[in-house]
Amino acid sequence: MRMETDRLLLRPWEPRDLDPFATLNADPEVMRFFPSTRTREETTELIERTTSLLAERDMSFLAVEEKASGDFVGMVGLAPVGPPMPCAPAVEIGWRLAKHHWGKGYAQEAARAWLAYGFGTLALPEIVAFTFVGNTPSRRVMERLGMTRDPADDFEHPGIAAGHPIRPHVLYRLKAADFRA
Ligand SMILES: CC(C)(COP(=O)(O)OP(=O)(O)OC[C@H]1O[C@@H](n2cnc3c(N)ncnc32)[C@H](O)[C@@H]1OP(=O)(O)O)[C@@H](O)C(=O)NCCC(=O)NCCS
């Protein structure tokens, strides 16, 4: 599966992505709103998991490449959300970009392609996104995409230890009809 936007190519993982993606996942600033950075082995596992998900569900996190340079930008995609997440069952949209590609509107641009695919090809009624309450850049992307937050949906992430500072999460939703409008 491949999708193209004005400036980006969204495509399955290739072996040449491992080095830049492992560097991204080991960057403490990129990962500051996650419980920890990821090792190279964990990056390999993540690529394998997202590759299997794409085959099983016709959705996943794809590698994002800058068309003009061929440079690796990061990953953006859709994934099913299951229990014990309080919003389950749902489909979430998410993004993680290398620092040198922040501030260019790339997360938003790649996400719009996925939203069009999710609401169009997959005919999903709703797509959600969630993040640590203090992750302002990610929340700004959600808001620019037209997603809205109901504070009643705020939750403590069940996969993060009780008392951990990044456990409080916000949930944003976007309905198919609101995306089309
Ligand atoms: C979250 C993350 C992807 C956001 O990246 P980002 O570059 O801020 O987001 P965008 O790609 O949408 O870029 C938006 C910015 O680019 C600017 N921009 C420049 N050219 C643009 C264009 N053509 N179109 C839109 N925005 C543009 C915008 O002004 C905006 O800046 P602002 O937020 O200061 O107003 C990035 O911070 C990241 O990877 N964080 C670490 C991982 C993470 O936390 N992921 C989310 C976990 S839930």
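Note: hydrogens, waters and symmetry copies are ignored here, and every other heavy atom, side chains too, is used. Note that the structure is predicted; figures quoted are calculated from it, not measured. Start at 1 and go down the list; that is how both ligands and their atoms are numbered.
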query: Hey, any chance L115 and V81 share a hydrophobic cluster, counting ILVMFWY side chains that come within less than 4.5 Å of each other, even indirectly?
result: no
shortest atom 48 (S) of ligand 1-to-protein heavy-atom contact is with T131 OG1, 3.3 Å
Using heavy atoms and a 4.0 Å limit, tell me yes or no: is E109 in contact with ligand 1? no
Exercise. Determine, for E66 against K104, whether the closest basic-nitrogen to carboxylate-oxygen distance falls under 4.0 angstrom.
Key: yes
Would you tell me whether T51 and W13 have side-chain atoms, one donor and one acceptor, within less than 3.5 Å of each other?
-> no
Note: V141, heavy atoms under 4.0 Å from ligand 1, region reported as side chain
Could you tell me whether D150 and R173 have a side-chain N and a carboxylate O separated by less than 4.0 Å? no
>> Whether the side chain of Q108 engages the backbone of G105 through a donor-acceptor N/O pair (distance < 3.5 Å, no angle test) should be reported.
In response: no
Atom 44 (O) of ligand 1: closest protein heavy atom, distance to 0.1 Å, is N135 ND2, 2.9 Å
Would you verify that at least one protein heavy atom lies under 4.0 Å from atom 32 (P) of ligand 1, or report that none does? yes
So the atoms of ligand 1 within less than 4.0 Å of a heavy atom of S138 turn out to be 1 (C), 46 (C), 48 (S)
Numbered in order shown, the ligand 1 atoms found under 4.0 Å of a heavy atom of Y106 are 11 (O)
Ranked by distance from atom 22 (C) of ligand 1, the top protein heavy atom is K104 O, 3.5 Å
Within 4.0 Å of some non-hydrogen atom of P137, the atoms of ligand 1 are 37 (O)
If you scan protein heavy atoms around atom 38 (C) of ligand 1, the nearest is W102 NE1, 3.3 Å
Query raised in the report: Are N25 and R96 close enough, and set up right, to give a side chain to side chain donor-acceptor pair (under 3.5 Å), and what steps lead you there?
Result: CA-CA 9 Å; N25 285 327; R96 191 184 299 171; 2.6 Å; yes
Heavy atoms of R180 and F119 approach each other most closely as NH2-O, 4.1 Å
Atoms of ligand 1 under 4.0 Å from any heavy atom of R96, numbered from 1 in the order shown, are 39 (O), 42 (C)
Ring pair (Phe, Tyr, Trp, His ring centres under 6.0 Å), that's the test. Do F61 and W95 meet it? Break it down for me.
CA-CA 8 Å; F61 287 92; W95 33 73; 9.3 Å; no
Closest to atom 39 (O) of ligand 1 among protein heavy atoms sits L97 N, 2.8 Å
Nearest non-hydrogen contact to atom 46 (C) of ligand 1 from the set W95, F34, F132, F130 belongs to W95
Taking the six-membered ring for Trp, are Y172 and F130 ring centroids under 6.0 Å apart?
-> no
- Query: Do any heavy atoms of R7 fall under 4.0 Å from ligand 1?
  - Reply: yes
Heavy-atom proximity to atom 14 (C) of ligand 1, picking from R144, E143, R140, points to R144
Using salt bridge (charged side-chain N to carboxylate O under 4.0 Å, His left out), reason through D6 and K67 one step at a time and then give a plain yes or no. CA-CA 8 Å; D6 285 351; K67 286 201 300 196; over 6 Å; no
(message) If we only consider heavy atoms of G103, is any one of them less than 4.0 Å away from an atom in ligand 1?
(response) yes
- prompt: So, E41 versus T44: side-chain donor-acceptor pair below 3.5 Å or not?
  reply: no
Looking only at protein heavy atoms, what sits closest to atom 13 (O) of ligand 1 is G105 N, 3.0 Å
The protein heavy atom nearest to atom 42 (C) of ligand 1 is V30 O, 3.5 Å
